[in-house]
There are 2 protein chains.
Amino acid sequence: MADESTVLDLSQLRRSCSSCALSDLCLPAGIGGDDLEKLDMAIRDKRMLDRGGALYRDGDPFHALYVVRSGSLKTFVQDDTGAMQILGFHLPGDIVGFDALATDRHVSQAEALERSSICELPYDRLQQVTSEVPALHRQLMRVVSREVVEEHRHTVVMGRQQAQEQLAIFLKSLSDRYQRLQRDGSMLTLSMSRYDIANYLGLVVETVSRLFSRLEEMGVLEVNRKAVTIRRPDLLAELCRSSSTSPSRQRDNG
Amino acid sequence: MADESTVLDLSQLRRSCSSCALSDLCLPAGIGGDDLEKLDMAIRDKRMLDRGGALYRDGDPFHALYVVRSGSLKTFVQDDTGAMQILGFHLPGDIVGFDALATDRHVSQAEALERSSICELPYDRLQQVTSEVPALHRQLMRVVSREVVEEHRHTVVMGRQQAQEQLAIFLKSLSDRYQRLQRDGSMLTLSMSRYDIANYLGLVVETVSRLFSRLEEMGVLEVNRKAVTIRRPDLLAELCRSSSTSPSRQRDNG
DNA sequence: CGTGGACTTGAAATGACTCAAGGCCGGTGG
DNA sequence: CCACCGGCCTTGAGTCATTTCAAGTCCACG
């Protein structure tokens, strides 16, 4: 799966949403034949990023949206002291860069977690196509809305009081995303570090490490560095909503 | 401020983005005269909500975006057990409802925190106008991008380890929003309950209550139920980045 | 004036953090 | 090929902030 991009002929993959396995996940979803050709015209050459390579940095002028083709990214913000907060992990089919639309400058950063291939969608070309293809406009709004909903999910995870619950939800959601990509949802390859996971969840790395060990002891997971196997999906699902019985968060008491 | 909406003539306010004090904050920002008229056509009658009144519920079919004109809202999700997670608090000029664009159904809820006046923007009309006014399309993307960035901010707050820091940032950000609305940023009226604040930050209500007391003891705030006065903005700003010296979150160690 | 919900406060329990040490692995250079 | 190094990860012990549990107060409202 990791070397897919190196095996395929790069030039062949240029401008070919129709031939892309992700077409029904990312932008072209629900867009017909002729319009798809027009969309292809808006896509610039793919871009390869090595692990740690930056797709964009805080303050960069906005000029494109990006689709992950293979590999994975993290997006994050850093405050003036250099403290980082991870905003999301992005798998193939995910689109990043929406943060810059408001101010024409990126206000977050995107970085490859492993060798990754990225589709670049220059925004001026995209706008041009959008004006010709109303369906694409609608689709673009859908995609950015998906982003909003995805961040709601992140908020819900961070709002949990129990760290174990947070990690369980994180793993389950990763598993779900794997399945949507036709991968085996029980065999996760965590391209992000434990530090990243901890940061994403608002925890410290030791807590995350201990939780992995605990979940392994419980027989839920089999952990081997970055390779995590979900042995008991049923138990994992259980843990996602276990101690949600805390009364203060229980209801809508406004 | 709370009775502004009742003082003004309701019918006069209908379809009048140009006469709205919020015009440079919400959708019409950066849209010229003629186009503004067209936009006005997309706006349906205003809607009043009483405290606790629902603007939309989880599962409701999508048909409009909403602008807060006066008052305030909270948006939140509830899981199957009824546990709530607050996603945001929304002041005049804020637009809500973007969550539904992806699936044509709302996947969150919006509820008034006090008597509030809402502009309704039926999406089909909006789309119609959008096709005639390209600048509006661009503006719409800007606005939803602002939403994305705003949620990033929420994520950063929730990621903090110290509850006091979280509350300080929450109050400071509320103060900043007040100032953008030409209000006195040092006199906050918390229309949301302590439960809501706690939930929004991922804490329990007792912790929030204690923190208010502590901040008052420290001379930072003067707390009087829902009325909070910021006595020492300098100290408050200090607290926002105080204990950010925790090493695990410090840098980008991926 | 009484009731109920929101809020506050105290005391105790606990789960996550901090600090510290050690293990593991991949990469590098001899 | 092996030894060394450094970063990532794990584990342990102790501390502490936050949660939990339990009263009790305040205020709005009927």
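All values reported here derive from a predicted model rather than from experimental measurement. Chain identifiers are assigned alphabetically (A, B, ...) following the order of the sequence lines, protein sequences preceding nucleic acid strands; residue numbering begins at 1 within each chain.
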Distance in angstrom units between [X] [atom1] and [N] [atom2], rounded:
X        : N      : atom1 : atom2 : result
B:Leu215 : C:dT9  : CG    : P     : 13 Å
B:Gln164 : D:dC16 : CD    : P     : 16 Å
B:Gln166 : D:dT18 : CD    : P     : 8 Å
B:Leu211 : C:dC7  : CG    : C1'   : 14 Å
B:Asn199 : C:dC7  : CG    : C1'   : 16 Å
B:Leu201 : D:dA17 : CG    : C1'   : 16 Å
B:Leu203 : D:dT19 : CG    : C1'   : 10 Å
B:Leu190 : C:dT8  : CG    : P     : 10 Å

Taking atom types as they are modelled, is there a donor-acceptor pair under 3.5 Å from the base of [N] to the side chain of [X]?
X        : N      : value
A:Arg225 : C:dG26 : no
B:Gln162 : C:dC17 : no
A:Arg194 : D:dG7  : no

To the side chain of [X], which of [options] is closest?
X        : options                : answer
B:Glu206 : C:dT9, C:dA16, C:dC7   : C:dT9
A:Val223 : D:dT10, D:dC9, D:dT19  : D:dT10
A:Val204 : D:dT19, C:dC17, C:dT9  : C:dC17
A:Arg214 : D:dT18, C:dA16, C:dC17 : C:dA16

Do any side-chain nitrogens or oxygens of [X] fall under 4.0 Å of OP1 or OP2 in [N]?
X        : N      : value
B:Ser193 : C:dA6  : no
A:Thr207 : C:dG15 : no
B:Lys226 : C:dC7  : yes

Pair A:Asp79-B:Arg160, salt bridge (Lys or Arg N to Asp or Glu O under 4.0 Å): steps then yes or no: CA-CA 12 Å; A:Asp79 66 19; B:Arg160 301 274 153 169; 3.3 Å; yes

Pairing of B:Asp176 and B:Lys172 as salt bridge, 4.0 angstrom limit: yes

B:Asp94 with B:Arg177: basic N within carboxylate O range, under 4.0 Å: yes

Whether A:Phe170 and A:Tyr200 hold their rings parallel, tilted or perpendicular, with breakpoints at 30° and 60°: tilted

Residue whose closest nucleotide on DNA chain C lies nearer the 5' end, B:Ser209 versus A:Arg210: B:Ser209

Axial cation check for A:Tyr178 ring with A:Arg183, 6.0 Å and 45° limits: yes

